[in-house]
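Worksheet: the structure to be examined is printed underneath.
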Amino acid sequence: MTWCALPETGAYWLRDVRLPGDPPEQLDRADLRIEAGRIVAIEPLGTATEGPSADGGMVLPCFVDVHTHLDKGHIWPRCPNPDGTFMGAITAVSNDRGANWSAEDTRARFEFGLRCAYAHGTAAIRTHLDTYLPHGRTTWRVFAELRDAWAGRIDLQASSICPIDRLAGDEGVALADLVAEHGGVLGFVTRFTGQGHDAIPPGFQDLLDRAFQLAEERGLALDLHVDESGETAAATLPIIARTAIRRGFRQPIQVGHICSLSLQPDAVIAETIRLVRDAGIAVVSLPMCNMYLQDRAPGRTPRWRGVTLLHELAAAGVPVSVASDNCRDPFYAYGDHDMVEVFQSAVRIAQLDAPLGRWPEAVTRTPAAVMGLAERGVLRPGAPADFVLFRARFWHELLARRQADRIVIRAGRAIDTNLPDYRELDALVGLTSG
């Protein structure tokens with residue numbers, strides 16, 4: 001028995017909930033009417049005279065996780081990062097991918113992540129897929145199968161990820177064709193194979209134009225891993241924005257990480273943010289993973305948080321999301337595909353409070369717009385009754401605890417929020433059960 005028992009059939013009122021207002025930091029008390037899997041009315045508190053009461057508990061729309069790596073997830077037990085560094089992660093994942101990523105292995109770990117995300121209240125995910133040919137064909141096939149199997153529970157999108165030099169020549173054509181065949185997003189990282197984000201790679205502009213051309217010819221959106229280091233010489237973001245403007249690129253663009261931006265001189269920061277805004281580029285920050293990897297050195301306390309300039313970007317009108325990124329793999333040893341944890345961590349790491357303002361939309365409405373999902377990330381009459389009900393009544397209560405007693409409602413009904421057991425993966429990751 002949960003703390004708020006919802007009907008298993010029929011229409012009903014959910015009384016006395018707190019909903020994000022305008023801005024979302026403001027909470028409005030209301031009664032919700034649920035019929036046929038949708039919200040049909042949001043009325044002032046006291047309108048309904050019957051139905052379960054949430055006793056002032058908060059309701060948030062189901063979450064949207066716009067940057068993940070479900071194909072990498074949960075390999076940590078068999079493939080830890082030897083030193084916790086970015087290059088250590090690249091090497092470890094490369095070795096594990098070559099040795100272990102069969103269709104069966106990838107499917108089991110990928111679906112384990114989906115089950116976690118669903119139980120926590122996520123309704124849409126964009127995952128990056130390591131796309132190194134010929135192996136990438138297997139991963140994209142597994143993705144397509146799971147996208148179909150999970151339709152109606154989690155809206156799945158996928159973006160390729162590979163170093164930008166892989167887009168040259170015939171390999172780039174084959175890779176872009178693979179993405180287009182599966183209705184994906186063309187993605188890459190702004191570094192060369194086997195290298196870090198230390199500087200602008202030689203020939204970067206030509207390769208970037210090549211990537212834009214591949215996307216233009218196929219009508220593909222772009223999703224890029226950009227400047228993921230603390231090196232100010234890694235400054236590809238202004239080049240990306242100028243290229244998008246020069247080419248008149250018409251598809252959506254999202255960039256992730258852009259860690260080095262926060263260490264640039266003020267004039268460079270201002271010009272970069274202006275270009276990003278003018279190019280219509282959306283930004284996603286991955287605060288947990290960036291905190292884990294950036295500014296790491298043996299025996300030394302990190303001096304820098306690794307996150308990009310969320311406040312300044314948002315103030316300039318750039319759409320800013322936060323997302324989970326990696327989960328239990330060499331790029332991030334922790335996580336549970338839980339967007340409440342992501343949002344709590346982002347607020348604390350990047351000081352997204354005092355005021356909280358519109359930042360709750362960074363895990364709901366904003367990433368939904370990036371993914372082109374008009375009915376996700378919102379609570380309004382006519383929208384699907386897909387939301388998360390919390391015992392917490394205020395933001396300070398929601399941000400303080402894990403919210404283990406949340407109730408996840410999909411199509412107006414409470415779902416099973418029991419999480420899958422790690423023991424299910426023991427055989428895959430080389431552990432003995434028990």
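- Here R402 does not pair with D338 in a salt bridge; the nearest charged N to carboxylate O distance is not below 4.0 Å.
- For T366, the side chain to side chain contact (heavy atoms under 4.5 Å, CB included) test picks out P319, S321, E361, with sequence neighbours left out.
- Annotation: Y118 is not in aromatic contact with H337 [ring centroid separation under 6.0 Å not met].
- Under 4.0 Å is where a charged nitrogen must lie from a carboxylate oxygen, and between R393 and D16 no such pair does.
- Among pairs with a residue in residues 30-53, none fulfils ring pair (Phe, Tyr, Trp, His ring centres under 6.0 Å), at least two apart in sequence or across chains.
- Annotation: W140 is not in aromatic contact with H135 [ring centroid separation under 6.0 Å not met].
- Every residue two or more places apart in sequence or in another chain was checked for a side-chain hydrogen bond (donor to acceptor under 3.5 Å, both in side chains) with D198, and none qualifies.
- Checked against side-chain hydrogen bond (donor to acceptor under 3.5 Å, both in side chains), E231 has no partners two or more places apart in sequence or in another chain.
- Of the residues L175, V179, L186, D177, the one that meets the side chain to side chain contact (heavy atoms under 4.5 Å, CB included) test with L214 is L186.
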Practice item. Given ring pair (Phe, Tyr, Trp, His ring centres under 6.0 Å), test F112 with F110 step by step and report yes or no. Key: CA-CA 5 Å; F112 188 93; F110 196 121; over 10 Å; no

Throw together a table of side-chain donor-acceptor distances under 3.5 angstrom for residues 295-302, partners on residues two or more places apart or in other chains.
residue	atom	partner	partner atom	Å
D295	OD1	R300	NH1	3.1
D295	OD2	R303	N	2.6
D295	OD2	W304	N	3.1
R296	NE	G84	O	2.8
R296	NE	Y292	O	3.1
R296	NH2	Y292	O	3.0
R300	NH1	D295	O	3.4

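- H120 and D336 are linked by a side-chain donor-acceptor pair at a separation below 3.5 angstrom, with hydrogens and angles left out of the test.
- The two residues E50 and W13 make their nearest non-hydrogen contact at O-CB, 3.4 Å.
- With sequence neighbours left out, A369 forms a side chain to side chain contact (heavy atoms under 4.5 Å, CB included) with no residue at all.
- Remark: aromatic rings of H257 and H67 are close, center separation under 6.0 Å.
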